[in-house]
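This report refers to the structure that appears directly beneath it.
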Amino acid sequence: QLQLVESGGDSVQAGGSLRLSCAVSGYTKSYRRGWYCMGWFRQAPGEEREGVAALNTGDGSTVYADSVKGRFTISQDSTKDTLFLEMNSQKPEDTAMYYCAARLCIGGGVDLNTGRYNYWGQGTQVTVSS
């Protein structure tokens with residue numbers, strides 16, 4: 001089964017940038033065939049976990065939360081071994097634990113429905129100060 005390990009979290013000033021990485025291992029044939037959706041989610045203290053951005057590894061379609069559109073970019077390297085989240089123009093409200101997640105996603109399309117993702121990493125902390 002897939003194993004996900006996040007890295008890149010840090011403390012930054014508002015307006016700054018960070019790039020998160022998610023290393024993927026434990027591949028299955030389904031994963032190599034591009035039948036997975038990969039996403040970034042975040043959870044602030046006292047808040048529910050929310051979707052930030054997701055990508056379909058097969059057709060390349062992406063989806064972003066309204067709060068991050070135009071500021072964050074999700075991508076994957078050519079080997080599909082690593083998922084990235086480029087975060088620019090960061091705001092204090094971006095402060096949260098960020099998680100990488102995956103789910104089987106045959107047939108195209110992508111979503112940010114937290115409950116549909118069944119593989120999760122341990123998270124990496126991002127703190128944005130004003």
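Computed over heavy atoms, backbone and side chain alike; hydrogens, waters and symmetry mates excluded.
You'll find the side chain of Val128 stays beyond 4.5 Å of the side chain of Gln13, heavy atoms only. For the pair Thr114 and Glu50, the minimum side-chain heavy-atom distance is 4.5 Å or more. No side-chain heavy atom of Val12 sits less than 4.5 Å from a side-chain heavy atom of Thr127. Side-chain contact check for Val126 versus Leu18: some heavy-atom pair is nearer than 4.5 Å. Inter-residue side-chain proximity for Trp40 and Leu83 is flagged as met; some heavy-atom pair is nearer than 4.5 Å. Contact annotation: the side chain of Asn56 never approaches that of Met38 to less than 4.5 Å [non-hydrogen atoms, C-beta and beyond]. Between Thr62 and Val110 the shortest side-chain heavy-atom distance does not fall below 4.5 Å. Leu85 is listed as a side-chain neighbour of Tyr98, based on a closest heavy-atom distance under 4.5 Å.
Between the side chain of Asp81 and the backbone N or O of Val24 there is no donor-acceptor pair closer than 3.5 Å. Counting only distance, with no hydrogens or angles, the side chain of Arg71 and the backbone of Ser67 share a donor-acceptor pair below 3.5 Å. In this structure a side-chain-to-backbone donor-acceptor pair under 3.5 Å is present from Lys80 to Thr57. A donor-acceptor pair under 3.5 Å links the side-chain atoms of Gln43 to the main chain of Glu47, judged by distance alone.
Salt bridge annotation for Asp66-Lys69: present, with a cationic side-chain nitrogen under 4.0 angstrom from a carboxylate oxygen.
Note that CD of Glu93 and CZ of Arg42 are 8.0 Å apart. Values are rounded to the nearest 0.5 Å. With rounding to the nearest 0.5 angstrom, the CE atom of Met87 is 11.0 Å from the OG1 atom of Thr73. Between Gln122 atom CD and Met97 atom CE the span is 9.5 Å, to the nearest 0.5 Å. From Asp111, atom CG reaches atom CZ of Arg116 across 4.5 Å, with rounding to the nearest 0.5 Å. One distance of note links CD1 of Ile74 with SG of Cys100; it measures 8.0 Å at 0.5 Å rounding.
A cation-pi arrangement is present between Arg49 and Tyr99 under the rule of less than 6.0 angstrom and at most 45 degrees off the ring axis. Taking the centre and axis of the six-membered ring of Tyr119, the NZ or CZ atom of Arg103 falls outside the cone set by 45° and 6.0 Å.
Taking the six-membered ring for Trp, Phe41 and Trp120 have ring centres closer than 6.0 Å.
A pairwise comparison of heavy atoms in Gly39 and Tyr117 identifies N-CE2, 4.1 Å as the closest pair. Of all the heavy atoms in Cys37 and Gly109, the pair that sits closest is SG-O, 3.4 Å. Taking all atoms of both residues into account, the shortest heavy-atom contact from Leu20 to Thr124 is CD2-CG2, 4.0 Å. Taking both residues in full, the closest heavy atoms of Cys22 and Leu4 are given as SG-CB, 3.9 Å, listed atom of the first, atom of the second, then distance. Taking every heavy atom of both residues into account, Arg19 and Glu86 meet most closely at CD-OE1, 3.1 Å. Minimum heavy-atom separation, Glu6 to Gly123: OE1-N, 2.9 Å.
At a threshold of 4.5 Å between side-chain heavy atoms, the hydrophobic network of Ile, Leu, Val, Met, Phe, Trp and Tyr places Val68 and Phe84 in two separate groups. There is no path of hydrophobic side-chain contacts, each under 4.5 Å, that joins Val5 to Tyr36.
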Step by step, would you call Val52 with Phe72 a side-chain contact (heavy atoms from CB on, under 4.5 Å)?
CA-CA 9 Å; Val52 175; Phe72 290 12; 3.6 Å; yes

